[in-house]
Chemist: 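Got a structure here, written out as structure tokens. Questions coming.
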Amino acid sequence: MNEKDKEWIDEQNRVNKVVHEIKNKLSKLNQKIGDLKERVIDIRKNFWEDVTVNLDEPDDVIETQASLKQQAEFLSERERSHGQMSEQINTLERLEDSPYFGRIDFTETGYSDVDSIYIGISSLMDENDDDFLIYDWRAPISSLYYDYPPGEAKYSTVDDEISGEITLKRQYIIRNSTIKGMFDTGLTIGDHLLQSVLGNNANTKMKSIVATIQREQNQIIRNEKSELLIVQGVAGSGKTSAALQRVAYLLYRYREVLSSENIVLFSPNPLFNSYVAKVLPELGEENMKQTTLFNYLDTQLGNRLTVETPFEQMEYYLNGTGENYETRVQSMSYKASLDFKQLIDEFGFSLEQDGIKFRNIRFRGDLLISNQQMKQYFYSLDRSLNIPLRMESLAKWLLSELNRFEKLERNKEWVVEEMELLDKSDYLEVHNELQEENRFSEDTFDDHVREEELLRKKVVADKFKPLKQKIKRMYFVDIKNTYLTFYTTDHLINKKNVKLPTRWELIRTQTVDYIRNNYLTWEDATPYLYFQKMLLGFNANRTIEHVFIDEAQDYSPFQFAYLKRIFPSSRMTLLGDMNQAIYAHALYEETLLSENIQEKHERITLVRSYRSTQPIVEFTKSFMPNGDLIEPFNRDGNKPVLMEVENRDIVNDKVLRAIEDFQTMGHQTIAVICKTMHESKMVYSRLKHSVDIKLMDEETHTFQQGLLVIPAYLAKGIEFDAVIIHNASDAEYHKELERNLFYTACTRAMHELYMISLGEPSIFIKQVPKEKYAHFKVHAIQKEQ
């Protein structure tokens, strides 16, 4: 037996020992959780028998409340323990299959002992809880595995910095408790393990990458100091995966003070939320809050206005024509800018003196308080107070005025009619109130008269309640018409320091038409909401400590400024790729990933692409500016294929043949990627009778395996075994922003990229050296022999 075989046997024996310990712990936990479950069921069953209930005297009521609280807390504690044990069992079951993936042998400076550190998704102690059999990948010492090759190394603990020497760095592929592969490696996580992971089929859920974290990704994950961390990563560089491991690391590192409730992820679409949903649970952590910017803004705006989605804006930009098109495109750009934000800020400052519009307050058709009265009261308040504080004072005054009107209404005839429509429960409620009054009062009343008073009071109070709720919600402020005056007056526009686009007059007219019809374009959604908060108050969210923004290159400077106002005390992590900036404002405005961003920040750049095979990366990098900076991972595969055809019938035929070929190869996720949703729907209608295919749109919340058709902008962040670009012609992909859209579509492919061009191929393809792809021309459908 040679030395290598002996080493393999020794390592497998250690795996067996660790798995044996895992099984022992599982057995004990399963016994405990079974007993605990029975106890929880028993407590629920006998809950009221164990509670002292007596409501006769005030002291008895207090004793009953205390007994209820004690029993509820007892049940809650048992249920919490049951949940914690369930999580421990889930983690141990994952460890049983693959206990660890890495090992380093480390000798601390000043000591001669060699410590063998085995690293997995979670820590595991030995039977006596004396020694670590496995270290959690997030433990301080585990950073050695990701950051250093064999040789001198150091890591930081909470209190100190430990230096020493790594004498061995080893990786494992363990499945079903059996070592399938074992490699000694240097600085980077070895190609053997990455090849094993990357060569697999695409999955409907993003996987944890803790076994293959690279050094530069580890810098993202363990970054604790930066208030603003910007990650510029090329397509397939693992930036999103690293961000999710970063969330897991933060939850581990600060578990005493940080929970998943304190973290929010802004993702590009609901489909992406589904795609990443399993990563944190795989690591034993709860998912953080996830939303999209559209959902967040739409919820804040309420249902008074219809808000265009960013994807509807994208469809307009890609398909739009007509005389208003250029005006709208310039509007998209300008309203994304900080120049426009400054204009709104100046308008807001002017409203401190005059100009806010209010709504009349009416009750049963009668005018109670006019908008002029409100305006007069508002502007009579101390001008040194900001607008939101004055709004609060106005709301209090309005509520006090309503209370006065409410008392006057009680004696009116309409109240008697409404009293006759009351339910029995309402009469019972008033009767009980009357009984309570008589119980604690020595005075005598005519019960009938007093009962009518109480009924009148109840009727009127119920009618005034919705009005009072509207006042508490500041509905008396006419946000919409105040905002419209921003576009319909010129008092700001004449200032010398105001920067305006060339089509400003047309933009004003277009915007007013939209808003008067209760429609907000996507470019107006953030400015409108920002303006609303200027008047009513920003209500900063201080419970969120970390904000993650994926596809940050698609966020405008205005949108980012708004989020910073909403989350003022949060640390932010921005993830994106300038090459995938696909929204109109990116052509004219700096994005959040730009080099000259104003905020103090730390930047990490990821240039190595792991998703696609080397031939696909070599193809896609060739038509991108600075594409020479992109480094492909050394994974071989077929060259991308360009099929140039002359009519649509051939397109359909080639799509179906490509699908058949890819399915024969064993590919499980195949995407037909189109430029727009309009094109996607047409393709779907043509293919659905021939193959089992699904259409993915912006309402799709679940990513499933199989064959699907999807617009390029919805495929962001997702990967597929094989990608078919439905029409890669110059007619479809020619504008500069369409370069980024085409790049996004092509870089979704892990193993195979097949492009069909109806007519002349895109100018971007022509910029690729011909030896980097296979080019075929077909002039007619070839008949089967």
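Owing to the predicted nature of the structure, the values given are computational and were not obtained by experimental measurement.
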Chemist: Quick one: closest heavy-atom pair of P711 and M677, and the distance?
Modeler: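 Smallest interatomic distance, heavy atoms only, reads CG-CE, 3.5 Å.
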Chemist: Mark yes or no for whether R508, through its side chain, and Y487, through its backbone, hold a donor-acceptor pair below 3.5 Å.
Modeler: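 Looks like yes, one N/O pair under 3.5 Å.
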Chemist: Establish, from distance only, whether the side-chain atoms of D550 and T240 form a donor-acceptor pair under 3.5 Å.
Modeler: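 Yes, side-chain donor-acceptor contact under 3.5 Å.
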Chemist: Assess the side chains of R383 and Q353: does a donor N or O sit below 3.5 Å from an acceptor N or O?
Modeler: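 Distance-only check passes for R383 and Q353.
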Chemist: When you look at T526 and K335, which way does the side-chain hydrogen bond (donor to acceptor under 3.5 Å, both in side chains) test go after all the steps?
Modeler: CA-CA 9 Å; T526 301; K335 290 175 181 176; over 6 Å; no
Chemist: So, D524 and Y483: side-chain donor and acceptor under 3.5 Å apart, yes or no?
Modeler: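 D524 vs Y483: donor-acceptor pair found between side chains.
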Chemist: What do you reckon, is CG of N303 surrounded by more than 12 foreign heavy atoms closer than 6.0 Å?
Modeler: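 No.
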Chemist: According to ring pair (Phe, Tyr, Trp, His ring centres under 6.0 Å), who are the partners of Y713, at least two apart in sequence or on a separate chain?
Modeler: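 Result, ring pair (Phe, Tyr, Trp, His ring centres under 6.0 Å) vs Y713: F311.
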Chemist: Determine yes or no for a side-chain-to-main-chain donor-acceptor pair under 3.5 angstrom, with R246 supplying the side chain and N223 the backbone.
Modeler: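 A pair under 3.5 Å: yes.
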Chemist: Kindly indicate, with the supporting measurements, whether the criterion salt bridge (Lys or Arg N to Asp or Glu O under 4.0 Å) is fulfilled by E406 and K468.
Modeler: CA-CA 11 Å; E406 186 179 333; K468 290 181 178 179; 2.8 Å; yes
Chemist: Please list all pairs meeting side-chain hydrogen bond (donor to acceptor under 3.5 Å, both in side chains) that have one or both residues in residues 389-400, counting only residues at least two apart or in different chains.
Modeler: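 Passing the test, one end in residues 389-400: no pairs.
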Chemist: Pairs under 3.5 angstrom only: tabulate donor-acceptor contacts from the side chains of residues 527-534 to other protein residues two or more places apart or in another chain.
Modeler:
unit_1, atom_1, unit_2, atom_2, d
Y528, OH, K480, N, 3.4
Y530, OH, K341, NZ, 3.3
Y530, OH, D345, OD1, 2.6
K533, NZ, Q300, OE1, 2.7

Chemist: When rounded to the nearest 0.5 angstrom, what is the spacing between CG in L575 and CG in L229?
Modeler: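 Reported to 0.5 Å precision, the distance equals 7.5 Å.
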Chemist: For F558 and F340, work out which heavy atoms get closest and say how close.
Modeler: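 The pair with the smallest heavy-atom distance is CE1-CD2, 3.8 Å.
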Chemist: For T543 versus N262, what's the shortest heavy-atom pair and its separation?
Modeler: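 Nearest heavy atoms, T543 then N262: O-ND2, 3.1 Å.
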Chemist: Which pair of non-hydrogen atoms, one from Y296 and one from T291, has the smallest distance, and what is that distance?
Modeler: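 Closest approach of Y296 to T291, heavy atoms only: N-OG1, 3.9 Å.
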Chemist: Taking it one step at a time, do V477 and M391 satisfy side-chain contact (heavy atoms from CB on, under 4.5 Å)?
Modeler: CA-CA 9 Å; V477 187; M391 286 298 177; 3.6 Å; yes
Chemist: Could you check whether T327 and N324, counting side-chain N and O atoms only, form a donor-acceptor pair closer than 3.5 Å?
Modeler: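 No, T327 and N324 have no side-chain donor paired with an acceptor closer than 3.5 Å.
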Chemist: Would you call D462-K458 a salt bridge at under 4.0 Å N-O?
Modeler: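 Salt bridge between D462 and K458, a charged N being under 4.0 Å from a carboxylate O: yes.
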Chemist: Using every non-hydrogen atom in the two residues, find where A525 and V307 come nearest and quote the distance to one decimal.
Modeler: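 For A525 versus V307, the nearest heavy atoms are CB-CG1, 3.9 Å.
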Chemist: Flag yes if more than 12 heavy atoms outside K375 fall under 6.0 Å of its NZ atom; otherwise flag no.
Modeler: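 Count over threshold, so yes.
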Chemist: What is the distance from atom CD1 of I356 to atom CD1 of I479, rounded to the nearest 0.5 Å?
Modeler: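 Between I356 CD1 and I479 CD1, I get 8.0 Å after rounding to 0.5 Å.
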Chemist: How far apart are the C-alpha atoms of Q330 and T502, what are their side-chain angles, what is the distance that settles it, and do they pass the side-chain hydrogen bond (donor to acceptor under 3.5 Å, both in side chains) test?
Modeler: CA-CA 9 Å; Q330 196 174 87; T502 56; 3.0 Å; yes
Chemist: Scan side-chain atoms only and decide if N481 and D478 contain a donor-acceptor pair under the 3.5 Å cut-off.
Modeler: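 Distance-only check passes for N481 and D478.
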Chemist: Any chance you could lay out the side-chain hydrogen bond (donor to acceptor under 3.5 Å, both in side chains) test for Q342 and E346, step after step, and finish with the verdict?
Modeler: CA-CA 6 Å; Q342 181 186 351; E346 292 189 19; 3.3 Å; yes
Chemist: Does either side chain, that of S570 or that of K564, offer a donor lying less than 3.5 Å from an acceptor on the other one?
Modeler: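 Checked: S570/K564 side chains show no N/O donor-acceptor pair below 3.5 Å.
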Chemist: Kindly say whether W522 contributes a backbone atom to a donor-acceptor pair with the side chain of E308 at under 3.5 angstrom?
Modeler: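 Yes, because the side chain of E308 sits within donor-acceptor range (under 3.5 Å) of the backbone of W522.
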Chemist: Output all residues satisfying ring pair (Phe, Tyr, Trp, His ring centres under 6.0 Å) with F405, sequence neighbours left out; order by chain, then residue number.
Modeler: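 Partners of F405 by the ring pair (Phe, Tyr, Trp, His ring centres under 6.0 Å) criterion come out as none, since no residue qualifies.
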Chemist: Do T482 side-chain atoms and K357 backbone N/O form a donor-acceptor pair below 3.5 Å?
Modeler: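 Side chain of T482 to backbone of K357: a pair is present.
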Chemist: Donor-acceptor check, side chain of R359 to backbone of N371, threshold 3.5 angstrom: yes or no?
Modeler: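 No: the side chain of R359 does not pair with the backbone of N371.
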Chemist: I'd like to know whether E698 forms a side-chain hydrogen bond (donor to acceptor under 3.5 Å, both in side chains) with N269, so could you lay out the CA-CA distance, the side-chain angles of the two residues, the decisive distance to 0.1 Å, and finally the verdict.
Modeler: CA-CA 7 Å; E698 61 182 282; N269 53 62; over 6 Å; no
Chemist: Any chance you could lay out the side-chain contact (heavy atoms from CB on, under 4.5 Å) test for K289 and I263, step after step, and finish with the verdict?
Modeler: CA-CA 6 Å; K289 297 177 180 179; I263 303 173; over 6 Å; no
Chemist: If we count only N and O atoms by modelled type, under 3.5 Å, do the side chains of E551 and Q580 hold a donor and an acceptor together?
Modeler: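 Looking only at side-chain atoms, Q580 and E551 do not form any donor-acceptor pair under 3.5 Å.
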Chemist: Does a salt bridge link R253 with E224, judged by any charged N lying under 4.0 Å from a carboxylate O?
Modeler: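 Answer for the salt bridge query: yes.
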Chemist: According to side-chain hydrogen bond (donor to acceptor under 3.5 Å, both in side chains), who are the partners of T488, at least two apart in sequence or on a separate chain?
Modeler: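 Once residues adjacent in sequence are excluded, T488 has no partner under the side-chain hydrogen bond (donor to acceptor under 3.5 Å, both in side chains) criterion.
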Chemist: Please answer whether the main-chain N or O of I582 pairs with a side-chain N or O of D554 as donor and acceptor at a distance below 3.5 Å.
Modeler: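 A pair under 3.5 Å: yes.
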Chemist: Has the side chain of T489 got a donor or acceptor atom that lies under 3.5 Å from a matching backbone atom of F486?
Modeler: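 No: the side chain of T489 does not pair with the backbone of F486.
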Chemist: Grab the two heavy atoms, one from V460 and one from R410, that are nearest each other, plus how far apart they are.
Modeler: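 That would be CG2-CA, 3.8 Å.
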Chemist: Is it the case that Q313 and Y583 place a side-chain donor and acceptor less than 3.5 Å from each other?
Modeler: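 No, no side-chain donor-acceptor pair sits under 3.5 Å.
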Chemist: Is the backbone N or O of D513 less than 3.5 Å from a side-chain atom of N517, with the two atoms forming a donor-acceptor pair by type?
Modeler: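 Yes; judged by distance alone, with no hydrogens or angles, the pair exists.
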Chemist: Does the S259 side chain pair with the main chain of R255, one donor and one acceptor, at a distance under 3.5 Å?
Modeler: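 Looks like no, no N/O pair under 3.5 Å.
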Chemist: Angle class for the Y555/F266 ring planes (parallel below 30°, perpendicular above 60°, tilted otherwise)?
Modeler: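 Rings of Y555 and F266: perpendicular, over 60°.
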Chemist: Out of curiosity, E401 CD to M374 CE, how far, rounded to the nearest 0.5 Å?
Modeler: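 With rounding to 0.5 Å, CD (E401) is 11.0 Å from CE (M374).
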Chemist: Quick one: does any side-chain atom of Q373 pair with a main-chain N or O of S370 as donor and acceptor, under 3.5 Å?
Modeler: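 Yes, Q373 side chain to S370 backbone: donor-acceptor pair under 3.5 Å.
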Chemist: If the plane angle is over 60° it's perpendicular, under 30° parallel, otherwise tilted; pick one for F358 and F378.
Modeler: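 The arrangement is tilted - the two ring planes meet at 30° to 60°.
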Chemist: Under a plain distance cut-off of 3.5 Å, with no hydrogens placed, do Q232 and D577 share a side-chain donor-acceptor pair?
Modeler: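 There is such a pair (donor and acceptor under 3.5 Å, judged by atom type) between the side chains of D577 and Q232.
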Chemist: Looking at residues at least two apart in the chain, or sitting in another chain, which of them share a ring pair (Phe, Tyr, Trp, His ring centres under 6.0 Å) with F363?
Modeler: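 In terms of ring pair (Phe, Tyr, Trp, His ring centres under 6.0 Å), with neighbours along the sequence ignored, F363 is linked to W414, F464.
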Chemist: What I want to check is whether the side chains of Q376 and Q372 have a donor and an acceptor closer together than 3.5 Å.
Modeler: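 Their side chains do not contain a donor-acceptor pair, so the 3.5 Å distance test is not met.
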